[in-house]
Amino acid sequence: MTQRSCAVYGVGIVCAHLLFIGIGLFVAQVFQTVIHNRLKKELTLTEGSRVFETWKNPPPPIFMQYFFFNVTNPDEFLAGAKPFVSQVGPYTYREYRLKENVTFLENGTRVAAYQCKTFVFLPERSVGDPDIDMITTINIPAVAVMNKVKDSFWKSSLVAIWMNSLHVGMFMTHSVNELLWGFKDPLMSRIHTMNPEIDEYFGLMYKKNGSNDGEVVYHTGEADSMDYGRIARFKGESKLSLWTSEQSNMINGTDGSAFHPLLSKKERLYIFSPDLCRSIFMEFEKDVEVKGLPAYRFTPPRDVLASKEENPANEGFCVSPKECLGSGVLKVSVCKKGAPVVVSFPHFYLGEEKYTNAIEGLSPVREHHQTYLDLNPTTGVPIRASKKAQINILINRISDDTSAAKLQKLLLMVTLVSNFPLIIVGLGVLLLLVFICLIVCERKLKVPLTCVSVGVQNEKKNPENHIVGFFMNLFANYGGK
């Protein structure tokens with residue numbers, strides 16, 4: 001056998017060994033298991049891990065964009081017409097989310113933190129000046145107050161009188177900056193004088209710039225990689241007490257900024273949202289690519305905000321049978337101080353058509369109004385995300401008969417209040433007449449007998465004592481009764 005033949009056979013033997021070894025390792029998934037175990041160890045919320053600093057201070061920029069519906073026909077709407085709205089925006093803010101007071105608990109298996117949010121306006125990404133641009137919309141403070149006292153005729157009448165005197169109506173016009181970050185509301189200020197606990201300022205984001213949602217305790221993933229980033233407690237509680245079922249009150253999932261590694265297309269991802277006062281879930285939709293990186297796109301399905309008829313599990317989010325709304329909306333008044341706030345996706349995307357048809361100017365489009373998360377399936381790290389929500393105020397149009405009856409009562413109340421001084425004077429005159437009558441009756445019944453007795457005695461002694469005795473006796477009789 002020549003040297004060349006030996007070399008050929010040697011190469012063949014080496015190739016065969018490599019082939020068999022490679023097949024064996026592939027079948028046993030040795031390297032994959034090693035890599036996955038190493039990955040699970042690295043992806044933990046512990047000091048020195050690759051993701052810990054990123055978790056505390058996320059470097060990717062987060063932009064919060066606000067859009068407003070400007071009501072163009074408020075007077076016609078109050079007269080019974082369908083409201084017309086035009087969308088104005090975006091007004092863009094750079095959002096910074098820094099976790100503070102980070103403390104490890106339970107031998108490093110959990111970590112507590114406060115997530116502070118701050119917002120900085122970006123004019124180059126906005127359509128206008130938030131200090132100048134004016135928006136006409138529902139008077140949320142007024143509607144909230146009226147909703148609070150709607151079951152009491154006297155309280156609702158008093159509020160109506162205040163609104164009339166302060167020239168406060170169902171609609172208000174304010175700048176974008178005021179609607180977002182707060183303004184002094186005249187009606188709330190009036191209530192604040194009687195109840196200091198009621199803030200006299202209102203804003204959709206009032207007191208939220210530079211604030212936090214409270215302490216959150218997370219699983220670090222040290223004990224179980226599947227728990228990485230999952231919320232264990234929110235504000236000291238492991239579950240909510242807002243809704244009417246155990247399932248609805250559960251705090252499930254992460255805060256949306258981190259997920260366990262090695263994601264599956266078949267699993268549901270849960271996210272707890274303090275803004276929604278509940279947990280929601282997302283399901284796999286499709287494979288995407290973001291800047292050359294593979295990702296799974298997860299989106300919330302219709303079931304998340306479906307009615308109890310479509311999804312019986314959502315019945316627990318009905319505070320009462322009367323407050324069960326249709327698909328696509330969720331009433332969150334239980335965590336908004338009783339205000340009739342309803343959340344949905346923008347333009348009632350994934351909602352029933354009756355909501356969209358009730359307002360002119362709405363047009364739900366999946367590409368513009370869908371919430372989604374693009375996650376790298378290996379690490380679970382969000383590569384791209386778009387969270388979209390719409391805040392609505394629930395108002396009820398009452399029937400003409402009911403409206404007329406309430407109006408008559410209100411007018412009666414206004415008349416009584418307006419003529420209150422005259423009523424007081426009338427009562428005073430009436431009581432004076434009653435007082436005079438009582439005096440006359442008393443004199444007829446008791447005075448003659450007393451006067452004769454005193455008069456006879458006084459005629460014999462001193463005429464001046466007659467008058468003194470009369471008035472003294474009269475006073476004593478009334479004082480004794």
Side-chain angles (χ1 to χ4, degrees), residues 68-71 74-75 77-80 83 85 134-208 242 275 277 319-320 322-323 325 329-344 359 390-399 402-418 420:
F68 295 86
F69 289 122
N70 186 56
V71 182
D75 294 333
F77 170 72
L78 292 176
V85 299
M134 307 299 288
I135 302 294
T136 298
T137 186
I138 287 289
N139 191 334
I140 301 177
V143 173
V145 172
M146 288 188 292
N147 184 73
K148 197 78 172 178
V149 301
K150 64 181 180 180
D151 295 327
S152 171
F153 168 72
W154 298 104
K155 290 182 180 180
S156 60
S157 299
L158 180 61
V159 170
I161 293 171
W162 282 349
M163 291 177 61
N164 184 59
S165 64
L166 296 171
H167 303 290
V168 173
M170 281 288 293
F171 287 89
M172 62 180 180
T173 300
H174 288 280
S175 68
V176 169
N177 198 34
E178 289 175 328
L179 290 175
L180 282 177
W181 308 113
F183 61 91
K184 190 174 183 179
D185 182 74
L187 181 59
M188 303 296 284
S189 297
R190 177 67 63 88
I191 298 175
H192 177 76
T193 59
M194 298 186 300
N195 186 359
E197 294 182 359
I198 302 298
D199 204 313
E200 55 187 336
Y201 287 85
F202 169 80
L204 297 173
M205 297 291 291
Y206 179 57
K207 291 185 176 180
K208 290 189 177 182
L242 301 171
D275 294 330
C277 318
V319 180
S320 68
K322 294 182 179 179
E323 295 183 273
L325 304 179
V329 296
L330 172 68
K331 189 174 183 180
V332 293
S333 56
V334 291
C335 62
K336 303 299 179 183
K337 299 181 179 180
V341 178
V342 175
V343 295
S344 67
I359 302 174
Q390 179 174 297
I391 299 175
N392 313 278
I393 302 299
L394 181 64
I395 57 176
N396 297 313
R397 187 183 297 280
I398 59 179
S399 64
T402 305
S403 179
K406 289 189 174 182
L407 181 59
Q408 289 174 354
K409 291 181 180 179
L410 179 59
L411 291 175
L412 175 61
M413 177 62 69
V414 172
T415 303
L416 291 175
V417 173
S418 301
F420 189 70

- Message: Minimum heavy-atom separation for V168 and P186, please, with both atom names.
- Response: CG2-CG, 3.9 Å
- Query: Does a side-chain heavy-atom distance below 4.5 Å link N70 with V85?
  - Reply: no
- Query: Any side-chain heavy atom of D199 within less than 4.5 Å of one from Y206?
  - Reply: yes
Can you give each donor-acceptor pair under 3.5 Å made by side-chain atoms of residues 136-143, sequence neighbours left out, with the distance rounded to 0.1 Å?
| residue | atom | partner | partner atom | Å |
| --- | --- | --- | --- | --- |
| T136 | OG1 | T173 | OG1 | 2.8 |
| N139 | OD1 | A142 | N | 3.3 |
| N139 | ND2 | G169 | O | 3.1 |

- Closest non-hydrogen atom pair, G338 against N147: O-ND2, 3.3 Å
- Message: The criterion is salt bridge (charged side-chain N to carboxylate O under 4.0 Å, His left out); which residues satisfy it with E178, sequence neighbours excluded?
- Response: none
- Item | Residues forming a side chain to side chain donor-acceptor pair (under 3.5 Å) with S333, sequence neighbours excluded | none
- Item | Inter-residue atom distance L330.CG - N392.CG, 0.5 Å rounding | 11.0 Å
- Say you draw a straight line from CG of D185 to CD1 of I198; how long is it, rounded to the nearest 0.5 Å? 12.0 Å
- Mind checking salt bridge (charged side-chain N to carboxylate O under 4.0 Å, His left out) for K337 and listing every partner two or more places apart, or none if nothing turns up? none
- Message: How long is the straight-line distance from CG of N195 back to CZ of R190, given to the nearest 0.5 Å?
- Response: 15.0 Å
- Residues which pass salt bridge (charged side-chain N to carboxylate O under 4.0 Å, His left out) with K331, listed by chain and number, not counting sequence neighbours: E323
- Task: Kindly indicate whether the side chain of M146, heavy atoms from C-beta on, has any atom under 4.5 Å from the side chain of M170.
- Result: yes
- Which residues satisfy the salt bridge (charged side-chain N to carboxylate O under 4.0 Å, His left out) test with K336, sequence neighbours excluded? none
- Candidate pair I393 and V341, rule side-chain contact (heavy atoms from CB on, under 4.5 Å), full reasoning: CA-CA 5 Å; I393 302 299; V341 178; 4.1 Å; yes
- Item | Closest non-hydrogen atom pair between W181 and M205, with its separation | CZ3-CB, 3.3 Å
- Task: Specify whether F183 and H174 have parallel, tilted or perpendicular ring planes, treating 30° as the upper limit for parallel and 60° as the lower limit for perpendicular.
- Result: parallel
- Item | CD on E200 to CD1 on I191, rounded to 0.5 Å | 11.5 Å
- Message: Within the structure provided, determine whether F68 and L180 are in side-chain contact (heavy-atom separation under 4.5 Å).
- Response: yes
- Query: Can you name the one residue among L242, V343, D275 that meets side chain to side chain contact (heavy atoms under 4.5 Å, CB included) with V332?
  - Reply: V343
